[in-house]
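Structure, as structure tokens:
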Amino acid sequence: MKRSGAQIIWECLVKENIKVIFGYPGGANLPIYDAMRGYPQIHHVLPRHEQGGGHMADGYARVSGKVGVAMGTSGPGATNLVTAIATAHMDSIPMVFITAQVTSKLIGYDAFQETDVTGITLPITKHNYLVTDVYDIMPTLREAFYIAKSGRPGPVLVDITKDAQQAFIEDWEYDDTPIHLKGYRPDFTPALASIKEAAALINSAKKPVILAGHGILMGNAMKEFKEFAEKAHAPIAMTLLGMGAISAHHPLNMGMMGMHGESWVNHAIQDADLILAFGMRFDDRVTGNLNNYAKNAKKIHIEIDPSEVNKNVKVDVGLIGNIKEILTQLNPFVEKNDRKEWLKVISDMKGETAVRDIVNLPDNGHLYAAQVVNDIRRLAPKNTVITTDVGQHQMWTAQYFKVEDAHTWVTSGGLGTMGFGLPSAIGAKFASPESEVWTVCGDGGFQMTAAELSTIAQEEIKVNIAIINNGFLGMVRQWQEFFYDKNYASTPMKSPDFVKLAEAHGLKGIRVTKRSEVEAAIKEAQAHPGSVVIDFKVEQEDSVYPMVPAGASLHEMIRRPSSIVETPLDE
């Protein structure tokens, strides 16, 4: 059958079972959009900015487990996607970005809206391509999807010139033969001897701690992971992106580790005699100062990417491969163990700290972000999908929104991208239309992509938007308070009236200034048929506790001052 390059792009997307894409038209990709209406089985979402579209596709991928697809035109359309590409790259999200390029004969002549996007994105993609020939479109897109979702997932960019989109192939047909790429080896299997060596360390450990990372979710290994943890009876510390790998209420789940993790979790890691790192990469926000990190512990690392093993932390056993398959092999060699003494030590540490929790404060006239997040969790269904922006509110949500189910927690981890929360919630809603979806944003991050409220209105979807409005760039202000003698340079910020802003987009807006108003506002948002923006005016100079200062060891935490708990703040 005769097909243009633009039609071939859509044919390939259909063959890849893509149901929704997020894209923005422009001069160089007009042929793609001209062909779009011939493929009604794919729903196209028009964001208000390409970055927003990229984050929507990212949220869609994280919740659905499928490859997310975002499109942009040449020049600024492509460069506007860069932050979204980097976000996906840092968090290993399977995505395909399709950008348009000027006509091939104009490349290199500084044509209008010509940009070397493959050069720009080379360090932040798993792979990228420049396609100048219509005959290369199909094999390139097939490779792009294969690379994006195989091995350690990640974003792939395909830049297609306008003339390749416009050219025709007379007798085109789709090729579905298996893909084999020379030099690309996404599948590894550890030797049985290494499996047995790891099992021996596990069985002999007195004080093991499991570090549960994003790889458990990406590898769909939740069942095997739970079986392992319960058999070994080992306490679990969660990375920021690992949340949802096992229920927050599972008795072995201690909570989040790291810079803003729970104090008892960090102390347990430092006191452990065995660290079991499952699908995580020992980044600096998790380990603190490496010189003092779990110094007395042996370390086992299960990881799909061999480049991550021994990169940051030297390990005793590295098991490289798909975590689901590795745990299937490992579990039969793991002996049942109760480890009651070790678990009691951790429980005692936890009990000592939990009484200082801010959500236990009586209503003293102040509204705290942690209380807002805690109430959303209390009132929302168990399988609610929650996305966040980046900053203090992100850490409060990680601490207080107890994630029950896999693929319901969406946040920017590695890159820490402000502006991620709102668009990722839009993508999440398309991935799970029956789920209740909330996004928790700061007043700063929300304004970076607030224009996507119009996308919500146009698509007529329901997302509940909680703005934690403290009048500051909160996390930066906290660092200024702790480490720069409260020199609040350029962190106080004036915001628009978020209620009126919501109404200007045709959405409902609610303002909350008191703790007594929180529950009613949440219930009103849930009952409303459309999307709702809630402006929570919270305590301005509240801080996230505990906090491990940059460069400090994991156990050297700044804790919440006891006076906040013991004395009403307005006395």
Could you grab the distance from atom [atom1] of [X] to atom [atom2] of [Y], nearest 0.5 Å is fine?
X: Lys299; Y: Ile275; atom1: NZ; atom2: CD1; value: 6.5 Å
X: Leu327; Y: Gln329; atom1: CG; atom2: CD; value: 9.5 Å
X: Ile386; Y: Ser435; atom1: CD1; atom2: OG; value: 12.5 Å
X: Arg185; Y: Ser150; atom1: CZ; atom2: OG; value: 13.5 Å
X: Leu330; Y: Glu325; atom1: CG; atom2: CD; value: 13.5 Å
X: Thr161; Y: Leu130; atom1: OG1; atom2: CG; value: 7.0 Å

Report yes or no: does [X] contribute a side-chain atom to a donor-acceptor pair with the main-chain N or O of [Y] at less than 3.5 Å?
X: His393; Y: Gly442; answer: yes
X: Trp409; Y: Leu241; answer: no
X: Arg285; Y: Gly413; answer: no
X: Lys314; Y: Lys311; answer: no
X: Asn80; Y: Gln51; answer: no
X: Ser74; Y: Gln113; answer: yes
X: Asp163; Y: Ser104; answer: yes
X: Arg281; Y: Gly279; answer: no
X: Gln165; Y: Ile9; answer: no
X: Asp389; Y: Cys441; answer: no

A side-chain contact here means heavy atoms from C-beta on lying under 4.5 Å apart; do [X] and [Y] qualify?
X: Phe420; Y: Thr449; answer: no
X: Thr408; Y: Phe401; answer: no
X: Pro423; Y: His49; answer: no
X: Leu453; Y: Phe446; answer: yes
X: Val156; Y: Tyr129; answer: yes
X: Leu13; Y: Val69; answer: yes
X: Met138; Y: Arg142; answer: yes
X: Leu217; Y: Met243; answer: no

Whether [Y] and [X] form a salt bridge (side-chain N of Lys/Arg under 4.0 Å from carboxylate O of Asp/Glu) is what I want to check.
X: Lys429; Y: Glu459; answer: no
X: Arg62; Y: Asp91; answer: yes
X: Lys149; Y: Glu16; answer: yes

Distance only, no hydrogens: is a donor on one side chain within 3.5 Å (strictly under) of an acceptor on the other, for [X] and [Y]?
X: Gln7; Y: Tyr39; value: no
X: Asn128; Y: Thr121; value: yes
X: Glu308; Y: His301; value: no
X: Tyr184; Y: Lys126; value: yes
X: Glu404; Y: Ser247; value: yes
X: Thr439; Y: Thr387; value: yes
X: Thr417; Y: Thr87; value: yes

Ring-plane angle category for Phe22 and Phe430, please: parallel below 30°, perpendicular beyond 60°, tilted otherwise.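 It falls in the perpendicular class, over 60°.
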How far apart are the C-alpha atoms of His44 and Ile21, what are their side-chain angles, what is the distance that settles it, and do they pass the side chain to side chain contact (heavy atoms under 4.5 Å, CB included) test? CA-CA 5 Å; His44 180 274; Ile21 67 170; 3.8 Å; yes
Kindly give the heavy-atom pair with the smallest separation between [X] and [Y], and that separation in Å.
X: Ile323; Y: Ala221; result: CG2-CB, 3.6 Å
X: Tyr24; Y: Pro47; result: CE1-O, 3.3 Å
X: Ala398; Y: Met256; result: CB-SD, 3.8 Å
X: Val158; Y: Ala144; result: CG2-CB, 3.7 Å
X: Ile93; Y: His214; result: CD1-CE1, 3.7 Å
X: Gly68; Y: Ala61; result: N-CB, 3.7 Å

Just checking [X]: does its [atom1] atom have more than 12 heavy atoms from other residues, nucleotides or ligands closer to it than 6.0 angstrom?
X: Lys462; atom1: NZ; answer: yes
X: Asp171; atom1: CG; answer: no
X: Lys226; atom1: NZ; answer: no
X: Gln41; atom1: CD; answer: yes

What verdict does the side chain to side chain contact (heavy atoms under 4.5 Å, CB included) test give for Leu211 and Ile269, after you've listed the backbone C-alpha separation in whole Å, the side-chain angles of each residue and the deciding distance to 0.1 Å? CA-CA 9 Å; Leu211 311 185; Ile269 291 169; 3.8 Å; yes
Apply the side chain to side chain donor-acceptor pair (under 3.5 Å) test between Asp159 and each candidate in Thr115, Thr132, Thr118, Thr99; give the one that qualifies.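 Going through Thr115, Thr132, Thr118, Thr99 one by one, the side chain to side chain donor-acceptor pair (under 3.5 Å) with Asp159 is satisfied by Thr99 alone.
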Any chance you could lay out the side chain to side chain contact (heavy atoms under 4.5 Å, CB included) test for Ile300 and Asp316, step after step, and finish with the verdict? CA-CA 6 Å; Ile300 298 170; Asp316 297 277; 5.8 Å; no
Show the numbers, then the answer: is there a side chain to side chain contact (heavy atoms under 4.5 Å, CB included) between His250 and Glu230? CA-CA 10 Å; His250 191 285; Glu230 291 178 344; 2.8 Å; yes
